[in-house]
Amino acid sequence: MKVVTWNVNSLTARWARVSEFLSSRQPDVLLIQETKQSEEKFPSADFAELGYEAVHYGQGQWNGVAIVARDGVSDVRRGFGDADPEARVISARVGEWRMFSCYAPNGRALDNPHYTYKLQWLDRLREEVTAHRGERLLLGGDFNVARTDLDCWDPSSFVGATHVSVPERAALEGVLDAGLVDLARRHQPEGPLYTWWDYRNGSFRRGWGLRIDYLLSDPTSAEDLREVYVDRETRKGERPSDHAALVAQFDRRAPAD
DNA sequence: ATGTCAAATGGTATTTGA
């Protein structure tokens with residue numbers, strides 16, 4: 001079972017890269033963030049041609065999340081069931097899992113109202129995870145928080161910035177403490193594991209990255225983890241997203257009976 | 001030089017967001 005999370009920064013602009021990725025890497029599940037597409041524009045038929053069922057929660061210009069899977073996708077839920085107008089979370093049953101594709105708010109600046117919205121959104125996600133405790137869970141997405149200083153290329157240059165502040169990190173830990181394992185860090189306790197590099201400044205070439213994209217699972221499922229890696233090829237080449245795809249491979253479990 | 005990229009608007013450029 002290969003599961004991937006990837007913030008594509010516009011599925012319209014990234015279609016060639018995404019379709020090539022599905023064809024060549026053959027993941028079982030792809031969790032997408034920032035489709036930046038309306039429901040009408042989302043290319044369900046093109047995913048079907050590649051052998052995937054795709055479900056989407058989009059609003060058009062900004063945000064937009066999707067779950068793309070080879071096997072059946074059912075019981076789709078869009079948003080948190082509250083008044084949030086921004087399309088930042090979709091979940092569905094995929095096989096024996098409940099999977100989530102998540103796109104946390106950016107925060108913009110520590111004194112910006114969007115920062116408060118970010119903290120509240122992460123707390124709402126924590127509640128959601130708590131409500132599903134005991135189930136097979138897999139969350140993937142762009143959480144817009146570098147969990148520790150190990151996840152930031154230069155902590156000294158991020159003093160006073162978003163993505164590394166104490167409240168943001170506490171909010172992310174709250175999600176994890178609700179019963180999830182940080183799969184990349186479990187597999188590789190040391191090392192940078194960056195998933196995002198600014199388009200500017202030649203950041204990718206210079207290694208100026210952040211780890212802000214995560215795959216999180218319940219502890220039982222984490223026992224089946226075989227490997228996790230950042231697919232750096234997705235950040236290279238023609239018209240890349242500013243995020244790389246994060247890949248987790250699970251060993252198949254014996255069917256329950 | 002926050003040095004790029006993407007979407008939207010009403011453009012052959014500017015604003016907003018990341």
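Note that this is a predicted model, so its numbers are computed, not measured. Per chain, numbering begins at 1; letters A, B, ... match sequence-line order.
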Exercise. Would you call A/Asp182 and A/Arg211 a salt bridge, taking side-chain N to carboxylate O under 4.0 Å as the test?
Worked result: yes
Exercise. For A/Trp15 and B/dC5, what is the distance between atoms CH2 and C1' respectively, to the nearest whole Å?
Worked result: 21 Å
For this session: Output the single nucleotide from B/dT2, B/dC5, B/dA7 whose closest atom is nearest the side chain of A/Tyr199.
Result: B/dC5
Problem set entry | 5′-ward residue of the pair A/Thr12/A/Trp196 relative to DNA chain B | A/Thr12
Exercise. With a 4.0 Å cut-off on heavy atoms, is A/Arg14 in touch with a base, just the backbone sugar-phosphate, or nothing at all?
Worked result: sugar-phosphate
Exercise. Taking atom C1' of B/dA6 as reference, at what distance in whole Å does atom CD of A/Gln59 sit?
Worked result: 15 Å
For this session: Indicate, with a heavy-atom threshold strictly under 4.0 Å, whether A/Asn201 touches base, sugar-phosphate, or nothing.
Result: base
Exercise. Using the P atom in both, what is the distance from B/dT14 to B/dG3, to the nearest Å?
Worked result: 15 Å
Exercise. Closest to the A/Gln61 side chain: B/dA18, B/dA6, B/dA8?
Worked result: B/dA8
Exercise. In whole angstroms, how far is the C1' atom of B/dA8 from the CH2 atom of A/Trp62?
Worked result: 8 Å
For this session: Please state how far atom CZ in A/Arg239 lies from atom P in B/dC5, giving the value in whole angstrom units.
Result: 10 Å
Exercise. What do the steps show when you test A/Glu173 against A/Arg169 for salt bridge (Lys or Arg N to Asp or Glu O under 4.0 Å), and what is the final call?
Worked result: CA-CA 6 Å; A/Glu173 288 310 305; A/Arg169 285 176 168 171; over 6 Å; no
Problem set entry | Whole-Å P distance, B/dG10 and B/dT15 | 13 Å
Exercise. Can A/Thr12 and A/Gln37 be counted as having a side-chain donor-acceptor contact under 3.5 angstrom?
Worked result: yes
Problem set entry | Aromatic centroids of A/His132 and A/Phe100 separated by under 6.0 Å | yes
For this session: Please check the phosphate of B/dA18 (OP1 and OP2 only) for any side-chain N or O of A/Arg200 closer than 4.0 Å.
Result: no
Problem set entry | Check: A/Phe250 ring centroid to A/Trp97 ring centroid under 6.0 Å | yes
For this session: Can you tell me the distance, in whole Å, between the CG atom of A/Leu11 and the P atom of B/dA6?
Result: 13 Å
Exercise. On a whole-Å scale, what distance lies between the C1' atoms belonging to B/dA18 and B/dT2?
Worked result: 12 Å
Problem set entry | Integer angstrom distance from the P of B/dT16 to that of B/dG11 | 15 Å
For this session: Please figure out whether A/Asn63 or A/Gly60 has its closest DNA chain B nucleotide nearer the 5' end.
Result: A/Gly60
Exercise. For the side chain of A/Arg206, counting heavy atoms from C-beta on, which of B/dG3, B/dA6, B/dG17 is nearest?
Worked result: B/dG3
